Amino acid sequence: MITPVENIPASEQALIEKAQSLAGLSLGEIAQQANITVPKNLNRDKGWPGLLLEYTLGATAGSKPEPDFPELGIELKTIPINRQGKPLETTFVSVAPLTGMVGSNWQNSHVKNKLSRVLWVPIVAERDIPIPERIVATPFLWSPSPEEENLLACDWQELTDMIVLGEVENINGRHGQVMQLRPKAANSKAKTDAFDKHGRPFKTLPRGFYLKIPFTQMLIAKHLRIG
DNA sequence: CAATGATCATGC
DNA sequence: GCATGATCATTG
């Protein structure tokens, strides 16, 4: 497995330069330099690309509830894309609290905090490309523009309102313009506390906020280098 | 064939 | 169970 090491970037500039120096490299090359074995498939190693990049860029590995680069306030996210730069998957943001949100708002939400500064590392990762041959595209640092934040805040409010009204089980992946609420659990038997529409507590599947593909696709398009 | 709902590994 | 890292795979 992948374990942390002490090559923590000293500055935002150093981090970005290090990340961009990886552009064009394959996961196999990066893994080799790190002395890490590449899995044959990701069935049982779904988080492997993320962990590899965390390790390579000097992020703090593990399950700490902090940004990947605490000193810099930057979150690292790898995102699989096709050769045209379109994301192949939605992007997990954070688990959705289903209780105790009285008084919570967009400004103090985990979602806003998580997405305040993100170092995106796109990886050309079409399914027919073997893992070691998948190529890192151009990493870029992003913070939401006012327009982007408005979209996120709107969706956060809509989904949070439904949760507060006890309608969490009526929420599906179609809700939200750019951000959706979907299961986030080990399996469908996992349960967490929530409230129904009568205000009665009950157990339900844990959910997470995910960025929809058109949204992340737009971010990548905005940062495309033409050359 | 894209998207929604389900799932996998790890640490504490 | 929850928080970290995500992708799988069935379905509409």
Side-chain angles (χ1 to χ4, degrees), chain A residues 1-5 27 30-31 34 36-70 74-101 109-111 113-115 118-131 134 136 155 159 168-194 201-217:
Chain A
M1 291 303 105
I2 300 172
T3 51
V5 78
L27 295 187
I30 294 171
I36 291 170
T37 302
V38 182
K40 289 186 175 60
N41 60 63
L42 298 182
N43 289 5
R44 299 205 149 179
D45 293 276
K46 295 181 179 180
W48 186 82
L51 296 177
L52 175 66
L53 269 294
E54 277 192 357
Y55 175 87
T56 300
L57 295 176
T60 304
S63 57
K64 297 176 185 174
E66 296 180 334
D68 296 300
F69 302 96
I74 294 175
E75 177 76 16
L76 173 66
K77 287 208 170 293
T78 59
I79 181 169
I81 61 173
N82 65 15
R83 294 179 176 83
Q84 288 74 238
K86 177 184 175 181
L88 299 173
E89 297 287 347
T90 55
T91 302
F92 172 70
V93 178
S94 64
V95 169
L98 301 182
T99 61
M101 307 91 71
S109 69
H110 291 307
V111 173
N113 184 54
K114 273 268 185 177
L115 298 181
V118 179
L119 176 61
W120 292 97
V121 181
I123 299 173
V124 179
E126 290 176 6
R127 286 261 212 152
D128 60 7
I129 305 176
I131 313 289
R134 296 182 181 182
V136 173
D155 287 348
L159 296 167
V168 62
E169 297 206 318
N170 293 324
I171 300 174
N172 57 42
R174 298 167 201 86
H175 287 89
Q177 301 295 301
V178 300
M179 185 169 69
Q180 61 188 174
L181 196 74
R182 304 220 311 279
K184 169 61 175 175
N187 54 58
S188 59
K189 293 163 191 158
K191 290 288 181 284
T192 192
D193 294 319
F202 76 110
K203 293 285 191 177
T204 192
L205 192 57
R207 319 296 167 102
F209 289 107
Y210 294 79
L211 299 179
K212 293 187 173 187
I213 289 173
F215 184 74
T216 50
Q217 179 171 16

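Order of the sequence lines fixes the chain letters, A, B, ..., with proteins taken first and strands second; residue numbering starts at 1 for each chain. Side chains included, hydrogens not; waters and symmetry mates left out as well; all remaining heavy atoms used. On a predicted model such as this, the values are computed, not experimentally measured, just so you know.
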Novice: Please report, rounded to the nearest Å, how far the C1' atom of B:dG11 is from the CG atom of A:L51.
Specialist: 12 Å
Novice: When the distance from CD1 of A:I171 to P of B:dA6 is rounded to whole Å, what number comes out?
Specialist: 14 Å
Novice: Go nucleotide by nucleotide along DNA chain C from the 5' end; which of A:L76 and A:K191 gets its closest nucleotide reached first?
Specialist: A:K191
Novice: A:W48 CH2 to B:dA9 P: how many Å, rounded?
Specialist: 16 Å
Novice: In whole Å, what is the span from the CD atom of A:E169 to the P atom of B:dG5?
Specialist: 12 Å
Novice: Go through the steps for A:V136 and A:V121 under the test side chain to side chain contact (heavy atoms under 4.5 Å, CB included), then give the verdict.
Specialist: CA-CA 7 Å; A:V136 173; A:V121 181; 3.9 Å; yes
Novice: Under 4.0 Å between any heavy atoms, over every strand shown, what does A:K184 touch: base, sugar-phosphate, or nothing? Just pick one.
Specialist: base
Novice: Which one, B:dA2, C:dA3, C:dG1, comes nearest to the side chain of A:V95?
Specialist: C:dA3
Novice: Given atom CG of A:L181 and atom C1' of B:dG5, what is their separation to the nearest angstrom?
Specialist: 12 Å
Novice: What is the distance from CD1 of A:I81 to C1' of C:dA6, rounded to the nearest Å?
Specialist: 16 Å
Novice: Are any of A:K114's side-chain N or O atoms less than 4.0 Å away from OP1 or OP2 of C:dG5?
Specialist: yes
Novice: Restricting to side chain to side chain contact (heavy atoms under 4.5 Å, CB included), what partner residues turn up for A:P67, sequence neighbours left out?
Specialist: A:E75
Novice: If we ignore hydrogens and angles and just use 3.5 Å, is the side chain of A:D45 paired with the main-chain N or O of A:P39 as donor and acceptor?
Specialist: no
Novice: What string of B, S and - do you get for nucleotides 7-12 of chain C, 5' to 3', if B is base contact, S is sugar-phosphate-only contact and - is no contact with any protein heavy atom under 4.0 Å?
Specialist: BBB---
Novice: Tell me, which pairs form a salt bridge (charged side-chain N to carboxylate O under 4.0 Å, His left out) where one or both residues lie in residues 79-101 of chain A, sequence neighbours left out?
Specialist: A:R83-A:E126
Novice: Check A:V118, A:T216, A:L88, A:I123 against A:I79 for a side chain to side chain contact (heavy atoms under 4.5 Å, CB included) and give me the one that passes.
Specialist: A:T216
Novice: Check whether any side-chain heavy atom of A:F69 sits under 4.5 Å from a side-chain heavy atom of A:L57, and report yes or no.
Specialist: yes
Novice: Return the nearest nucleotide to the side chain of A:N172; candidates are B:dC8, C:dA3, B:dG5.
Specialist: B:dG5
Novice: Using a heavy-atom cut-off of 4.0 Å across all strands, would you classify A:L205 as base, sugar-phosphate, or nothing?
Specialist: sugar-phosphate
Novice: A:T99: which residues meet the side chain to side chain contact (heavy atoms under 4.5 Å, CB included) condition with it, sequence neighbours left out?
Specialist: A:D193, A:F195
Novice: Taking ring-ring contact (aromatic ring centres under 6.0 Å, His included) as the test, write out the residues that go with A:F92, two or more places apart.
Specialist: A:Y210
Novice: Is a side-chain donor or acceptor of A:K77 paired with a backbone partner of A:L115 at a separation under 3.5 angstrom?
Specialist: no
Novice: What's the OH-P distance between A:Y55 and B:dT10, to the nearest Å?
Specialist: 18 Å
Novice: Give me the bend of the helix from B:dC1-C:dG12 to B:dC12-C:dG1, using the axes of the five pairs at each end, rounded to 10°.
Specialist: 30°
Novice: Starting from P on B:dA3, measure out to NE2 on A:H175 and report it in whole angstrom.
Specialist: 17 Å
